[in-house]
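Contents: one structure, followed by commentary.
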Amino acid sequence: MNLIAPSLLAANFANLEREMEWFNQSEADWLHLDVMDGVFVPNISFGFPVLEHVARLTTKPLDVHLMIVQPEKFISQVRDLGAAIMNVHQEACVHLHRTIQQIHEAGMKAAVTLNPATPVATLEEIICDVDVVMLMTVNPGFGAQKFIEHSLDKVRRLRQLITASGSQALIEVDGGVNRKTAPNLAAAGVDVYVTGSAVFGAPDPIEEVKVLKQLTS
Ligand code: DX5
Ligand code: ZN
């Protein structure tokens with residue numbers, strides 16, 4: 001599978017309506033929304049008042065990436081946005097299994113994200129319970145950082161774990177995805193490609209999504 005998920009973090013926040021126009025016209029599959037709290041990551045992005053407005057501007061699935069401590073506190077608020085996927089960090093969840101259950105009970109798909117330093121093996125016991133595993137391919141908190149090359153091995157190890165366990169989980173990657181890194185990620189077994197600066201910074205974002213779609217097919 002090759003789904004493209006543009007990350008709103010790289011958008012022009014003074015003109016979100018216009019950004020959402022090209023997004024809706026493009027071949028993009030999911031809208032990736034990066035929420036930061038200044039505690040789990042050393043940056044603050046946007047919160048629910050902004051997300052509520054953005055959610056009304058598209059019918060494509062929302063992938064809400066919570067880079068916050070105690071994300072389980074916000075399950076009902078994310079559900080009320082109409083989000084399809086609630087994405088929590090393994091490092092931020094003390095009771096990850098319970099949080100995954102609660103996300104499912106709220107009617108959303110559960111995605112679990114790993115920071116670059118967190119081993120794939122930490123998901124061994126819950127790999128069959130998650131819908132998506134997202135690997136951070138940069139350290140979370142900022143857009144337009146350099147792709148961590150070691151991530152390709154990590155994707156391959158995650159693919160092995162998923163295959164061996166019989167899990168149906170999709171593999172998503174976030175950070176530094178562009179024309180150069182996307183083909184290698186596709187070869188390693190990625191299903192969902194989050195991409196911020198590469199598409200929002202492109203002269204023609206619709207065309208850029210199309211190119212990334214082709215490069216990963
Ligand atoms: C980083 C965010 C990413 C970010 C990716 O903390 O989770 O979604 O927007 O941006 P690029 O594609 O520019 O690396
Ligand atoms: Zn993200």
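Just so you know, residue 1 is the first one in the sequence shown, and it goes up from there. Every number for a ligand or one of its atoms is a count from 1 in the order of the listing.
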Identity and separation of the nearest protein heavy atom to [atom]:
atom: atom 1 (C) of ligand 1; value: F142 O, 3.4 Å
atom: atom 10 (O) of ligand 1; value: G143 CA, 3.7 Å
atom: atom 11 (P) of ligand 1; value: A144 N, 3.6 Å

- Around K213, counting heavy atoms of other residues, nucleotides and ligands shown, do more than 12 lie under 6.0 Å from its NZ?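 More than 12 heavy atoms, drawn from other residues, nucleotides or ligands, come within 6.0 Å of this atom.
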- CG/D191 to CZ/R159 distance, rounded to the nearest 0.5 angstrom?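 Between D191 CG and R159 CZ, I get 5.0 Å after rounding to 0.5 Å.
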- Query: If you measure from CD on E105 to CD1 on I100, what distance do you get to the nearest 0.5 Å?
  - Reply: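 Nearest 0.5 Å value for the CD-CD1 distance: 12.0 Å.
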Closest approach of [X] to [Y] (non-hydrogen atoms, all atoms of both residues):
X: S165; Y: C128; value: O-SG, 3.6 Å
X: V69; Y: V39; value: CG1-CG1, 3.9 Å
X: L8; Y: F13; value: O-CE2, 3.3 Å
X: A10; Y: G196; value: CB-C, 3.4 Å
X: E172; Y: H32; value: OE2-ND1, 3.8 Å

- Message: Does any N or O of ligand 1 fall below 3.5 Å from an N or O anywhere on M36, backbone included?
- Response: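 N/O-N/O distance under 3.5 Å: no.
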- Task: Give yes if a backbone or side-chain nitrogen or oxygen of G196 is under 3.5 Å from a nitrogen or oxygen of ligand 1, and no if not.
- Result: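 Yes, G196 has an N/O under 3.5 Å of an N/O on ligand 1.
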- Query: Which is closest to atom 5 (C) of ligand 1 by heavy-atom distance: D174, N178, T195?
  - Reply: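 Nearest heavy atom to atom 5 (C) of ligand 1 lies in D174.
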- Relative to atom 6 (O) of ligand 1, which among G175, A10, G141, S197 owns the nearest non-hydrogen atom?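 The option holding the nearest heavy atom is G141.
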Under 4.0 Å to a heavy atom of [X] - the qualifying atoms of ligand 1, by number:
X: H65; value: 7 (O)
X: H32; value: 8 (O)
X: V194; value: 8 (O)
X: P140; value: 6 (O)

- Of the N, O or S atoms in D34, the one nearest the Zn ion (ligand 2):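 When I compare the N, O and S atoms of D34, OD1 is nearest to the Zn ion (ligand 2).
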- Message: For N/O/S atoms only: which one belongs to H65 and is nearest the Zn ion (ligand 2)?
- Response: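 Of the nitrogen, oxygen and sulfur atoms in H65, the Zn ion (ligand 2) lies nearest to ND1.
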- Message: With rounding to 10 degrees, what does the angle D174:OD2 / the Zn ion (ligand 2) / H32:NE2 come to?
- Response: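 With the Zn ion (ligand 2) as the vertex, the angle is close to 100°.
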- Query: Is ligand 1 less than 4.0 angstrom away from at least one heavy atom of V138?
  - Reply: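 The answer is no, since V138 has no heavy atom less than 4.0 Å from ligand 1.
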- Item | G176 heavy atom under 4.0 Å from ligand 1 |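 A heavy atom of G176 does come that close to ligand 1.
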- When you look at H104 and D129, which way does the side-chain hydrogen bond (donor to acceptor under 3.5 Å, both in side chains) test go after all the steps? CA-CA 10 Å; H104 283 151; D129 300 306; over 6 Å; no
- Message: Let's go through I68 and K73 carefully: what are the C-alpha distance in whole Å and the side-chain angles of both, what is the deciding distance for side chain to side chain contact (heavy atoms under 4.5 Å, CB included) to 0.1 Å, and is it a yes or a no?
- Response: CA-CA 10 Å; I68 64 174; K73 284 185 177 171; over 6 Å; no
- Task: Check the pair L9, M36 against side chain to side chain contact (heavy atoms under 4.5 Å, CB included), reporting the backbone distance first and the verdict last.
- Result: CA-CA 10 Å; L9 189 66; M36 303 180 189; 3.6 Å; yes
- Query: Side chain or backbone of S7 under 4.0 Å from ligand 1, or both, or neither, by non-hydrogen atoms?
  - Reply: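 Contact part for S7 vs ligand 1: side chain (C-beta onward).
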